[in-house]
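Below is one structure, written out as C-alpha cells; comments come after it.
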Amino acid sequence: LLSHSVHCFPPDVNETIMADNTNAEYTPKDTTKRHAYRPAIMVSALKAWAVQEKNGLKDFSLAQCKVAVILAVAHFGNIWEPSYPRNDNHAPSMFWLVNAFLAVGTFMTWTWKASSAGRGGGSPRIVMLGREQTEEWKGWMQWAFIFYHYYRVWYVYNEIRVFVSAYVWMTGFGNFLYFDKKGDFSVERFVSMILRINYFPLLLSFFLTVPLELYYVVPLHTTGFVMTMITCYVGYQLEQKLGFSYWKSRTIAIGISLLVHILFYETPAVNFLLLFSKEYHFRFQADKYSAWMGMAAGLLWGKIGEYMQWAHGFENDQRRRMVSVLQFSGGVALIAFWYGMFGHIPDKHTYNPIHPYVFVFAVIGWLMVRNCTRYLTECHSTLLEFLGRNTLETYVLQFHLFMSHNVQYIPVVIPGADADGSAVLKFANMLLCGTVFLTLAVWARKVTVETQTSVVDLVKNLRGTVDTSRTVVVPQQAQVGGDKLPDVKNEEVVALTELEGGVNKETPSTKTVD
C-alpha cells in the first residue's frame with residue numbers, strides 16, 4: 001500500500017529507490033528528502049496531491065462517497081424492523097451445522113502449492129504460518145465468532161476467548177516481524193496502520209451513535225500495534241546507537257516491554273482504564289499479555305524456521321515422518337492440557353482471570369498440529385483465506401447487518417422467519433442477511449484501503465518523503481558474540497498488520513454481556 005510514487009519530486013529522486021532488491025545485506029543510503037514545513041511549501045504539496053492521477057484528492061473523495069453509502073446501509077440495517085431478541089435465537093445445532101458447511105467448503109477449496117526456494121536459491125524452504133495460512137486461520141476463527149453470536153452458543157465461550165487472544169497475539173507477532181525486518185518506523189507507516197485499524201470503525205461509531213466499546217477489539221489492536229512499534233524501535237536503537245548485538249538488543253527491548261506490562265496490569269495502575277469504561281477495563285486485562293507473547297514468538301521465529309527446515313525438509317524422509325508424528329502428538333497434548341486444566345471450566349467468571357496466562361497453550365498446540373507435515377505447510381483453503389482477508393469489516397458490520405440494534409436482535413427480512421418461525425425460513429433469512437452483510441464488508445474493506453492509500457500519499461507529499469518501501473532496511477548487527485539476525489524471509493513475514501481480523505463478544509449498546 002505504500003509503494004506508490006510521489007509525483008511532486010524530480011525523477012532522479014524517485015529513481016534512487018528503485019535499486020534491485022537482492023539477498024545481499026547492505027546499508028541503504030538515506031534516499032529520503034524532507035522539506036521544511038513552511039506554509040507555501042505545504043500548500044504546494046497539497047496541490048500536488050490534489051492533482052495526482054492516482055491516490056490523490058479525486059480517489060480520496062470518491063472513497064468517502066462510497067463510505068457514505070455503506071454507512072447509510074449499515075444504519076438502516078441496524079434499525080431494521082421486524083426483528084426479535086438474539087437470545088431467542090439460541091440454536092447450538094445450527095451452529096454446528098454451519099460449521100459443517102464451512103468444513104465442506106474448506107475441503108472443496110483446499111489448495112496445494114509446492115515449497116519453493118528462497119531468493120538465494122538452494123533447497124525449498126518450509127514456511128510455517130505464511131500469508132495464506134494466516135488468513136485461513138483468521139477466516140475460520142471469524143466464522144466461529146460470528147455464528148457464536150448469532151446462535152448464542154454460550155458453552156463455547158472459553159474457546160472463543162482463545163480465538164480472541166489468538167488475534168491479538170497475531171498483532172504482536174506480525175508487527176514484530178515487519179518492524180524487525182524492515183526497520184520502517186516512519187510517520188507514513190504509523191498513519192497507514194492507524195487508519196487501517198480505526199478509520200471505518202470510528203465512522204460507524206460516530207454516524208450510528210454506537211459506543212466505541214462495542215468494537216472493543218479495535219483499541220485492543222491499536223494498542224498492540226503501537227506497543228509493538230515502540231518495542232521494536234527501542235531494540236533497533238539499542239543495536240544501531242549502542243552497538244548491542246541483535247539478540248541482546250531485542251531481548252532487552254522485549255524485556256522492558258514485559259516489565260511495563262507487569263507494572264501496569266499487575267498493579268492498581270490498571271484501574272486507569274476505568275476512566276474510559278468497565279468494558280475496556282475487562283477487555284484489556286483479558287488480553288494483557290497476548291500481543292507481548294506474539295512479539296516474543298516473533299523474536300524466536302527464525303529459530304522456529306530452522307527447526308521446520310530440519311524437521312520437514314527434503315534431506316531425511318525417515319526423520320521427517322517421525323518428527324511429524326511427535327509434533328502432531330505434542331500439539332494435541334497442549335490443546336488437551338489447556339482444555340483439561342482450564343478450558344472445561346463452565347463458569348466464565350472463574351475462567352476469565354486465568355485466561356491471559358494459559359491461552360497460549362492452545363495457540364501453540366494448534367500451530368504445531370496445523371504444520372505437522374510438509375504437505376500441510378504447503379496447503380491452505382482459498383475460501384477461508386478470503387474470509388480472513390475481510391475480518392475487520394465483518395467484525396464491525398456483523399453488529400448492524402447480520403444482526404441488528406447493536407447486535408442485540410436478529411433482523412427478519414423473510415416473512416415467517418421470526419423467533420417462532422420454521423427452521424427452513426430462519427435459515428433462508430440468515431443466508432439472505434449474511435449475503436448482504438458479507439458483500440458490504442468486502443466493499444468496505446476495499447474502500448478503507450483506498451482511503452488509507454490516499455491519505456498516506458498525502459502525508460508523503462506534506463513531509464516531502466519519497467517512496468522507500470522497495471528498499472529493505474536490514475538492521476546492522478554488531479558481531480559481538482557472533483549474533484546475527486534470524487533468517488526470516490519475506491514469505492515468513494506474516495501480513496497481519498492490516499488488522500483484517502476481528503474478534504468479538506456480545507455487546508449491548510452500552511455494555512458487554514459475555
Side-chain angles (χ1 to χ4, degrees), residues 63 65-89 91 94-95 98 101-102 138-139 141-152 198-218 386-415 417-419 421 425-449 451 499-509 512 514:
C65 293
K66 296 175 183 177
V67 167
V69 174
I70 296 171
L71 292 173
V73 175
H75 168 72
F76 287 112
N78 197 46
I79 62 174
W80 180 270
E81 292 296 346
S83 62
Y84 62 92
R86 185 166 56 105
N87 285 340
D88 293 345
N89 200 42
M94 291 302 300
F95 173 78
V98 295
F101 288 151
L102 182 67
K138 296 193 304 183
M141 288 195 300
Q142 183 76 338
W143 180 278
F145 298 151
I146 293 173
F147 283 103
Y148 159 76
H149 288 155
Y150 193 86
Y151 287 120
R152 307 300 288 131
N198 293 275
Y199 173 73
F200 187 59
L202 286 176
L203 287 180
L204 274 177
S205 176
F206 179 78
F207 285 102
L208 273 63
T209 63
V210 174
L212 187 59
E213 63 186 24
L214 181 63
Y215 316 130
Y216 73 90
V217 73
V218 173
F386 165 75
L387 294 175
R389 287 198 304 266
N390 298 278
T391 43
L392 173 60
E393 289 70 32
T394 53
Y395 163 59
V396 295
L397 284 174
Q398 65 167 313
F399 302 121
H400 315 298
L401 289 175
F402 196 49
M403 291 158 275
S404 63
H405 299 279
N406 302 345
V407 81
Q408 293 307 303
Y409 285 77
I410 302 296
V412 178
V413 180
I414 298 178
D418 53 13
L425 288 178
K426 292 173 72 174
F427 186 75
N429 186 77
M430 182 274 291
L431 290 178
L432 178 59
C433 293
T435 301
V436 174
F437 154 63
L438 183 59
T439 301
L440 206 68
V442 172
W443 190 28
R445 175 186 179 271
K446 181 179 179 181
V447 173
T448 301
V449 171
T451 301
L499 183 66
E500 316 230 326
V503 284
N504 32 43
K505 288 287 170 213
E506 274 78 349
T507 315
S509 59
T512 298
D514 281 355

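Quick caveat, the model's predicted, so the values are computed rather than measured.
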Side-chain H-bond candidate by donor/acceptor type, Tyr150 with Asn89, under 3.5 Å
no
Taking all heavy atoms of Thr448 and all of Tyr199, pick out the closest pair and write down the distance.
CG2-CD2, 4.2 Å
Taking every non-hydrogen atom, the tightest pair across Arg86 and His149:
NH1-O, 3.0 Å
Check the angle between the aromatic planes of Phe402 and Phe147 and answer parallel, tilted or perpendicular using the 30° and 60° thresholds.
perpendicular
Quick check: are there more than 12 heavy atoms from other residues, nucleotides or ligands sitting under 6.0 Å from CH2 of Trp143?
yes
Contact between Arg445 and Leu392 at the side-chain level, heavy atoms closer than 4.5 Å - yes or no?
no
Please check if the side chain of Gln398 supplies one atom and the backbone of Tyr395 the other of a donor-acceptor pair under 3.5 Å.
yes
I'd like to know whether OH of Tyr151 has more than 12 heavy-atom contacts from other residues, nucleotides or ligands below 6.0 angstrom.
yes
Which atoms form the tightest heavy-atom contact between Leu397 and Ala444, and what is the distance?
CD1-CB, 4.3 Å
Where the side chain of Ser205 meets the backbone of Pro211, is there a donor-acceptor pair that is under 3.5 Å apart?
no
Say whether, by atom type as modelled, one donor and one acceptor occur between the side chain of Asn429 and the main chain of Ile414 under 3.5 angstrom.
yes
Using a 3.5 Å distance criterion without hydrogens, assess whether the side chain of Asn78 forms a donor-acceptor pair with backbone atoms of Ser404.
no
If you look at every heavy atom in Trp80 and Pro82, which pair is closest and at what distance?
CD1-O, 3.3 Å
